[in-house]
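Single-structure report; data block below.
Everything numeric in this text was worked out from a predicted model, so none of it was measured.
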Amino acid sequence: MPCANANTPARLLTQNAAEASVLCLINEERAANGSPPLTLNLRLRAAARQHANDARTLKWWAGNGPKVHVNPVTGSKPQDRIKDAGYCPEEPNCPMNENAYAAWYQGGPEFQTGTTPQAAVTWWMNSPGHRDTLLDPDYNETGVAVVLGVAETGTGADNADGGGIFVQTFGGCRKTDPATLGELWDWGRNDVGQLGDGSTTDRHVAVHPEGFADIVALAGGRGHSFALLGDGSVLAWGFNPLGQLGDGTTTNRLTPVQLSSLGQVIAVAAGNSHSLALQRDGTVLTWGANHVGQLGDGSTTDRAEPALVEKFGDVIAISAGFNFNLALKADGTVWSWGENNWGQLGDGTTTHSSIPVQVTNISGVAAISAGFEYGLALRADGSVLGWGSNNSGQLGDGSTTQRHAPVKVRIPDGSGPISAISAGGFHSMALEQNARVWTWGGNGYGQLGNGDTTDRLLPVRPVNMHDVTAIAAGFGHCLVLKRDATAWSWGMNNYGGQLGDGTIIDRSVQVLVKGLPGISIIAAGTFHSLAS
């Protein structure tokens with residue numbers, strides 16, 4: 001199956017998703033040419049992001065050539081930046097290098113093809129020097145940066161609406177650095193072991209359970225959690241009475257167990273008491289509770305082990321709601337199954353479905369997110385659609401009317417293009433290309449982050465929220481990841497400390513999650529939070 005998001009303009013992706021796509025494409029090229037795959041190293045990525053961010057600020061890349069790799073203000077070269085980021089300090093002669101690529105767009109789709117992950121990798125592969133670096137077997141680690149903006153001035157660039165700056169660093173350190181390999185941090189409710197730290201003690205600040213490395217994605221449900229590892233395997237822990245962990249038992253797990261039946265997974269999702277995995281070949285696996293058909297197998301029988309959703313493929317993204325699911329296919333259509341009492345399947349009815357049905361009147365979708373009893377979709381043109389429950393205004397259409405088919409979220413005029421969405425319990429989040437956030441819907445716990453507790457039927461701005469690269473909505477709380485690798489939170493906190501600020505006090509404005517190192521991944525469970 002092609003790498004996810006390969007041909008999606010970077011402006012429509014979260015930074016992590018765009019970077020993951022570039023890395024996937026590069027490893028495909030390396031595999032085809034007999035080179036071993038590269039693993040993600042966060043120190044290398046920090047160096048790449050620094051260079052890309054500096055290019056956006058200083059705009060000195062016009063003319064290309066070697067000077068693209070030399071910062072005109074600091075004089076730094078790739079090796080300087082990589083060493084300054086702390087990579088491989090004990091090997092002075094460790095091989096290091098860097099590739100760079102930039103493109104811009106000017107409004108229409110015809111100008112966006114050069115801003116995709118595939119465009120960057122194709123350009124590198126067609127440039128002899130860059131190709132040699134990309135395929136060099138002496139490199140074993142990498143860091144990819146995808147930063148939105150323009151890296152140069154001059155004809156075209158000065159009039160561009162924006163663009164994408166792609167930088168990849170390479171390293172050949174022979175000593176592993178455990179701190180760079182995607183370890184787990186989590187906090188909040190832990191009554192059934194959903195934090196994976198061997199206890200059932202709630203944690204008001206982040207803890208660091210052992211047994212985790214090389215995490216590339218996280219997912220949290222009502223009381224269970226998953227970690228997707230770089231080799232495509234999956235770890236599970238937490239609540240398991242209906243088999244939602246997928247280990248073939250109904251035994252709760254206070255520490256992670258590896259799901260032996262999974263090994264080619266590219267995404268995981270956790271619902272109320274059921275779970276999903278997306279495999280590299282575009283097929284979907286489900287397990288756990290099935291009383292309203294949320295496993296998509298045509299039955300209502302619970303299952304403790306993963307099984308395929310039959311006759312359903314070509315999927316590029318999945319999302320789990322409370323008792324229903326969404327899946328995005330490569331053709332831009334959205335499919336759903338499970339509970340439908342609020343119209344959350346988006347098929348124009350309120351009839352449950354135990355097999356996938358197509359969400360009506362929607363196409364050209366780039367991202368999906370399933371909330372408690374509603375769904376959101378981000379289209380490639382930057383518009384956002386919602387359907388299902390709307391009693392708190394979580395669909396953002398200015399009403400509290402339940403919708404059985406998609407309606408447009410009324411993002412205010414003048415907003416930048418939307419690049420990511422996240423659906424929570426009764427509130428929603430959207431991330432703009434310019435790294436600012438919108439929220440709307442229920443606000444009884446301050447989960448809109450705008451300083452009050454009044455529900456909003458239309459999007460509002462959280463207080464002092466900028467430089468955001470990723471968003472995640474829990475049942476009543478919000479998480480954001482900022483460019484400086486810090487995590488911030490707001491909303492419900494009185495049910496386990498899911499904000500991670502050391503208290504159990506609800507917050508209507510952002511607070512810093514305490515005790516975290518620099519992170520790159522966030523996820524929100526119902527009442528707990530995860531990061532890596």
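Checking Ser275 against His224 by side-chain atom types alone, a donor-acceptor pair falls below 3.5 Å. Under 3.5 Å, the side chains of Arg203 and Ser199 contain a donor-acceptor pair of N or O atoms. Between the side chains of His477 and Ser489, no donor-acceptor pair of N or O atoms lies under 3.5 Å. Under 3.5 Å, the side chains of Thr503 and Asn493 contain a donor-acceptor pair of N or O atoms.
Shown here are the salt bridge (charged side-chain N to carboxylate O under 4.0 Å, His left out) partners of Arg379, two or more places apart in sequence or in another chain: there are none. Qualifying side-chain contact (heavy atoms from CB on, under 4.5 Å) partners for His291, counting only residues two or more places apart in sequence or in other chains: Ala289, Gln294, Asn323. By the salt bridge (charged side-chain N to carboxylate O under 4.0 Å, His left out) test, Asp467 pairs with Arg483, sequence neighbours left out. Residues passing the side-chain contact (heavy atoms from CB on, under 4.5 Å) test with Leu512, sequence neighbours excluded: Thr486, Trp488. Every residue two or more places apart in sequence or in another chain was checked for a salt bridge (charged side-chain N to carboxylate O under 4.0 Å, His left out) with Glu310, and none qualifies.
Within the 3.5 Å criterion, the main-chain N or O of Pro36 finds a donor-acceptor partner in the side chain of Arg30.
Between Tyr495 and Phe475, the closest side-chain pair of non-hydrogen atoms is not below 4.5 Å.
Salt-bridge annotation for Arg189 and Asp191: present, with a side-chain N of the basic residue lying under 4.0 Å from a carboxylate O of the acidic one. Salt-bridge check for Asp501 with Arg507: passed, with a basic side-chain N closer than 4.0 Å to an acidic carboxylate O.
Remark: of the listed residues Thr300, Asn341, Leu345, Asn341 is the sole one forming a side-chain contact (heavy atoms from CB on, under 4.5 Å) with His352.
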Exercise for review: Mind running ring pair (Phe, Tyr, Trp, His ring centres under 6.0 Å) on Trp337 and Phe312 for me, showing each step along the way?
Suggested key: CA-CA 12 Å; Trp337 63 95; Phe312 187 64; 5.5 Å; yes

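Within the cation-pi definition used here (under 6.0 Å to the ring centroid, within 45° of the axis), Arg43 does not qualify as a partner of Tyr87.
Under the 2.5 Å cut-off for SG-SG separation, Cys88 and Cys94 do not qualify: their sulfur atoms lie farther apart than that.
Classification of the Phe372-Phe322 ring pair by plane angle, with boundaries at 30° and 60°, yields tilted.
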Kindly list each side-chain donor-acceptor pair under 3.5 angstrom involving residues 251-265, sequence neighbours excluded, with atom names and distances?
residue: Asn252; atom: OD1; partner: Asn240; partner atom: N; Å: 2.9
residue: Arg253; atom: NE; partner: Asp247; partner atom: OD2; Å: 2.8
residue: Arg253; atom: NH2; partner: Asp247; partner atom: OD2; Å: 2.9

